[in-house]
**Q** 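Take a look at this one; I'll ask things after.
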Amino acid sequence: MCNTPSYVSAQALTYSKNMSVLLQKFSTPYNTAPFSKIKNEDYLPAFKEAIGLAKAEIEVITKNTNAPTFENTIEALEFSGETLDRLSNIFFNLNSAETSDEMQKIAQEVSPLLSEFGNDISLNPELFARIKRVYVQKEQLKLTTEQQMLLEKKYKSFSRNGANLPEDKKEKLREIDKTLSKLSLQFGEHVLAETQAFQLHITNEKDLGGLPEGSIEAARELAKSQEKEGWIFTLDYPSYIPFMTYADNRELRKKMALAFGAKGFQNNTHDNQKIVLEIANLRFERANLLGYTTHADFVLEERMAKNPTTVKAFLHDLLDKAKPAAQKEFAELSAFAKKLDGIEQLEKWDGAYYSEKLKQQLFNLDDEKLKPYFKLENVLQGAFTIAGKLYGLQFKEINNIDKYHPEVTTYEVTDENGDLIAVFYADFFPRKGKRNGAWMTSFKNQYRVNGINERPHISNVCNFTKPTETKPSLLTFNEVTTLFHELGHGLHGMLANTTYPSLSGTSVYWDFVELPSQIFENWCYEPEALALFAKHYQTGEVIPMEYVQKIKESASFQEGMATLRQLSFGLLDMGWHGQNPTNITDLKAFEIEQFSATQLYPDVKENAMSTSFSHIFQGGYSSGYYSYKWAEVLDADAFELFKEKGIFDKETATKFKDFILSQGGTEHPMTLYKKFRGSEPKPDALLKRAGLLK
């Protein structure tokens, strides 16, 4: 939700010079967040005040004596709570990228307040009565397509979240939501604590055998920073993944893998087993309370897939196609490991190591050979250049706005006319207080009000290989595709061009949101695109075409196994959320059952997936992890058009921008997709790309 001057009289009167900076209008370039002026002690009072302001705005709507209209009810509600939304964006973004014990404590206090406020709105009978009166007249109202969608979403957000419940059940819903908000936070805090608690401290140089020079140097610098001898490796991805891929010492790989897989599953103060069970059961209870069979039924009603039956059929259809290929690939990998090192049983800590060796043998290609061509700054500029060729964007680094950490770089994004499109924050390296993984988020949404097109503030947060004393940040090819993936999400946010903030940018059906990110990865495999940025960091030599060819050839290497892995996560998600979880008492036994159809490696009794599966127990992917594969069907089908017309074809890019990137959630995603492509997507392009089409 965002605010407009038309509806802020109650709020505007409340501002004073003594207020926290978080509650004042930001007097900053581009209205960006003044991070350096924000103190942790500001947050809690600011949240309480902002909730009060938002409540006052809701009261203006409910006490309006005029008959409910689209403008005085639906639009007024949409443009309420701007201060609270902006504050929430700042706080929770920093709680993921730059947290501390103090911030986590504040989050535990703030989350129930926000949950309660959300319920105060969705369970407000006077407000819902006004919305309902507008909704029942929708056929008579002359609304635009976007207004129709806003009305539909507002009505459903109330009806689907308890507005029609009797009072006793409304109270129960409030209790559940408050508990869920706290449990989700605890889950994430535990995963972060477990990630940062483990270090592999190596003092014998022989134990570094096989590891790349850059990985060794980074580990040495980490040890030095802790005033220790030797080398320190951690569970942060830039440290963990090279270790698992290249370290010759099998016992140490095992030690790292066990630590990684045991996060939240160690019967200690950071154990997540009970939290997972409680979250799953509360989500189920909440869905039942609202009249749905399962949590997945509730969630999927507002997705392209519509229901759990469709999702399970989709996952099992892909499973039938991928499993024979995956089993064949696993047998080949097992035979290779046995021939090379006499390994009788391939274990999980062997997978990345022998896959890399097999890939090198088959394609004469390894990441260490490629990394010199993928200096972070060059890759980022390359991604910017490609966005420019496709969508006419220009990215200019700026230093006149506040950053929440010195490592963050900031950019002004403009169009071909020099008009501001977005402000972009890039935060690329792991550090204490930053959770693992990669994500896109926003500090401010795009929306239009009073003739002004408010432009968004978008952020990409990743955990890439850090520069060392002797080398810049050199990316693995997987990190290159991750950067493009997240910038693809970023472009979805930047190019948003809607009236209403709740329909803007990435505010789309969850199984559609990965299309803009996944399609942008495709340019990483195209010679014409690679030539723009894949240049040796020392010599400036463009990546040899033989390497490019090998990248393309190896793109479907072990794709059957990779697909099976993704499907296993989707099936686990549906296991937790697509059935009654009340009889699950043993998390580990339940996981074994869910993984039975996709299992290749022997189970590791000390490890569990669910206890650190942040996507579904902390992020927004519950009942939605299938979205990655679902969107792959869309992106493969969509990129076929670019390949037919030319990967920089302006007409195709303009159609993709106009019908997909700029429209947000203003229309049903399939309607938008068909406007771009001319027809519904077919899975053939994905299966062909993955080498799974017979």
Side-chain angles (χ1 to χ4, degrees), residues 1-4 30-33 75 78-79 81-82 85-86 88-90 93 144-150 153-154 383-384 387-388 390-395 410-426 439-461 485-520 620 631 634 638 653-669 671-673 675-676:
M1 295 185 293
C2 273
N3 224 324
T4 82
Y30 317 101
N31 194 28
T32 49
E75 217 166 52
E78 172 70 1
F79 286 116
E82 184 267 344
D85 284 346
R86 183 184 58 186
S88 297
N89 285 344
I90 291 169
N93 283 338
T144 66
T145 303
E146 185 177 352
Q147 288 173 330
Q148 288 171 24
M149 181 62 83
L150 184 69
K153 288 190 87 168
K154 287 290 180 222
F384 289 165
L390 293 169
Y391 311 121
L393 299 179
Q394 303 294 320
F395 291 76
T410 46
Y411 300 86
E412 174 191 75
V413 187
T414 53
D415 65 12
E416 287 144 321
N417 303 317
D419 294 329
L420 182 72
I421 292 297
V423 173
F424 179 56
Y425 298 81
W439 61 95
M440 167 267 180
T441 186
S442 65
F443 286 99
K444 175 177 178 282
N445 285 335
Q446 177 274 335
Y447 56 95
R448 279 198 295 271
V449 62
N450 295 347
I452 297 169
N453 193 334
E454 292 280 351
R455 299 314 302 168
H457 301 166
I458 303 298
S459 176
N460 277 177
V461 188
H485 180 101
E486 297 308 331
L487 188 61
H489 280 308
L491 293 170
H492 200 184
M494 291 177 210
L495 289 165
N497 196 26
T498 64
T499 302
Y500 302 115
S502 70
L503 301 178
S504 179
T506 57
S507 301
V508 299
Y509 279 11
W510 208 267
D511 44 12
F512 192 63
V513 80
E514 295 297 334
L515 168 59
S517 57
Q518 289 180 185
I519 195 171
F520 204 50
L634 298 171
T654 301
K655 279 171 68 179
F656 193 77
K657 180 175 82 169
D658 291 348
F659 295 132
I660 306 292
L661 296 177
S662 70
Q663 292 301 308
T666 57
E667 288 190 74
H668 191 282
T671 305
L672 293 174
Y673 188 83
K675 283 182 179 180
F676 161 68

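Since the structure is predicted, the reported quantities are computational estimates derived from the model, not experimental observations.
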**Q** At their closest point, which heavy atom of A387 faces which heavy atom of F395, and how far apart are they?
**A** CB-CE1, 4.1 Å
**Q** Measure the OH-CG distance between Y391 and L661 for me, rounded to the nearest 0.5 Å.
**A**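 The OH atom of Y391 sits 5.0 Å away from the CG atom of L661.
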**Q** Just by modelled atom types, is the I421 backbone N or O under 3.5 Å from a matching donor or acceptor in the R455 side chain?
**A**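 Side chain of R455 to backbone of I421: a pair is present.
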**Q** Indicate the atoms forming the closest heavy-atom contact of V461 with S459, along with that distance.
**A**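 Of all heavy-atom pairs spanning V461 and S459, the closest is CG2-OG, 3.7 Å.
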**Q** Let me confirm one number: the CG-CD distance from L150 to E78, rounded to the nearest 0.5 Å.
**A** 5.0 Å
**Q** Would Q446 and N453 count as a side chain to side chain contact (heavy atoms under 4.5 Å, CB included) here? Give the steps.
**A** CA-CA 7 Å; Q446 177 274 335; N453 193 334; 3.0 Å; yes
**Q** If we count only N and O atoms by modelled type, under 3.5 Å, do the side chains of T145 and E667 hold a donor and an acceptor together?
**A** no
**Q** If every non-hydrogen atom of T666 is compared with every non-hydrogen atom of T498, which pair is closest and at what distance?
**A** CG2-CG2, 3.6 Å
**Q** Roughly how far apart are M149 CE and T671 OG1, rounded to 0.5 Å?
**A**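 So the CE of M149 and the OG1 of T671 are separated by 7.5 Å.
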**Q** Return the orientation label for the F79 and Y500 ring planes: parallel under 30°, perpendicular over 60°, tilted otherwise.
**A**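 Taking Y500 first and then F79, their aromatic rings sit tilted (interplane angle of 30° to 60°).
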**Q** Just so I know, are the side chains of T410 and T32 near enough to count as touching, which here means a heavy-atom distance under 4.5 Å?
**A** no
**Q** Could you please spell out the steps behind the side chain to side chain contact (heavy atoms under 4.5 Å, CB included) verdict for T499 and T144?
**A** CA-CA 11 Å; T499 302; T144 66; over 6 Å; no
**Q** May I ask you to test the F424-N460 pair for a side-chain heavy-atom distance under 4.5 Å?
**A**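 In contact.
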**Q** Which atom names give the shortest non-hydrogen contact between S507 and S502, and what distance separates them?
**A** CB-O, 3.2 Å
**Q** Heavy atoms only: give me the nearest I458-S442 pair and the separation to one decimal.
**A** CD1-CB, 3.8 Å
**Q** To check you understand the geometry: which heavy-atom pair defines the closest contact between Y425 and A33, and what is its length?
**A**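 Nearest pair, atom of Y425 first, then A33: OH-N, 4.2 Å.
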**Q** A side-chain contact here means heavy atoms from C-beta on lying under 4.5 Å apart; do E75 and V449 qualify?
**A**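 No. Closest side-chain heavy atoms not under 4.5 Å.
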**Q** Can you see whether T441 engages N93 through a side-chain donor-acceptor pair at a distance of less than 3.5 angstrom?
**A**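 There is such a pair (donor and acceptor under 3.5 Å, judged by atom type) between the side chains of T441 and N93.
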**Q** Should L515 and Y673 count as side-chain neighbours, where that means a heavy-atom distance under 4.5 Å?
**A**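 Touching, per the 4.5 Å side-chain cut-off.
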**Q** To the nearest 0.5 Å, what is the distance between CG (L495) and OG (S504)?
**A** 10.5 Å
**Q** Measure the spacing between CG of D419 and CG of D415 and express it to the nearest 0.5 Å.
**A** 4.5 Å
**Q** Is any side-chain heavy atom of L487 closer than 4.5 Å to one of F384?
**A**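 In contact.
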**Q** Less than 4.5 Å apart, any side-chain heavy atom of P456 and any of N445?
**A**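 When only atoms from C-beta onward are counted, N445 and P456 do not touch, as no gap falls below 4.5 Å.
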**Q** Can you sort out the partners of E146 under salt bridge (charged side-chain N to carboxylate O under 4.0 Å, His left out), two or more places apart, ordered by chain and number?
**A** none
**Q** Which of these passes side-chain hydrogen bond (donor to acceptor under 3.5 Å, both in side chains) with N497: K657, R448, Q663?
**A** R448
**Q** Do any N or O atoms from the side chain of E412 and from the backbone of L420 form a donor-acceptor pair under 3.5 angstrom?
**A** no
**Q** To the nearest 0.5 Å, tell me how far I519 CD1 sits from H492 NE2.
**A** 12.0 Å
**Q** For the rings on Y509 and H668, is their centre-to-centre separation under 6.0 Å?
**A** yes
**Q** Under the salt bridge (charged side-chain N to carboxylate O under 4.0 Å, His left out) rule, collect the residues that match up with E454, sequence neighbours excluded.
**A** K444
**Q** Can you name the side-chain contact (heavy atoms from CB on, under 4.5 Å) partners of A631, sequence neighbours left out?
**A** E514, Q518
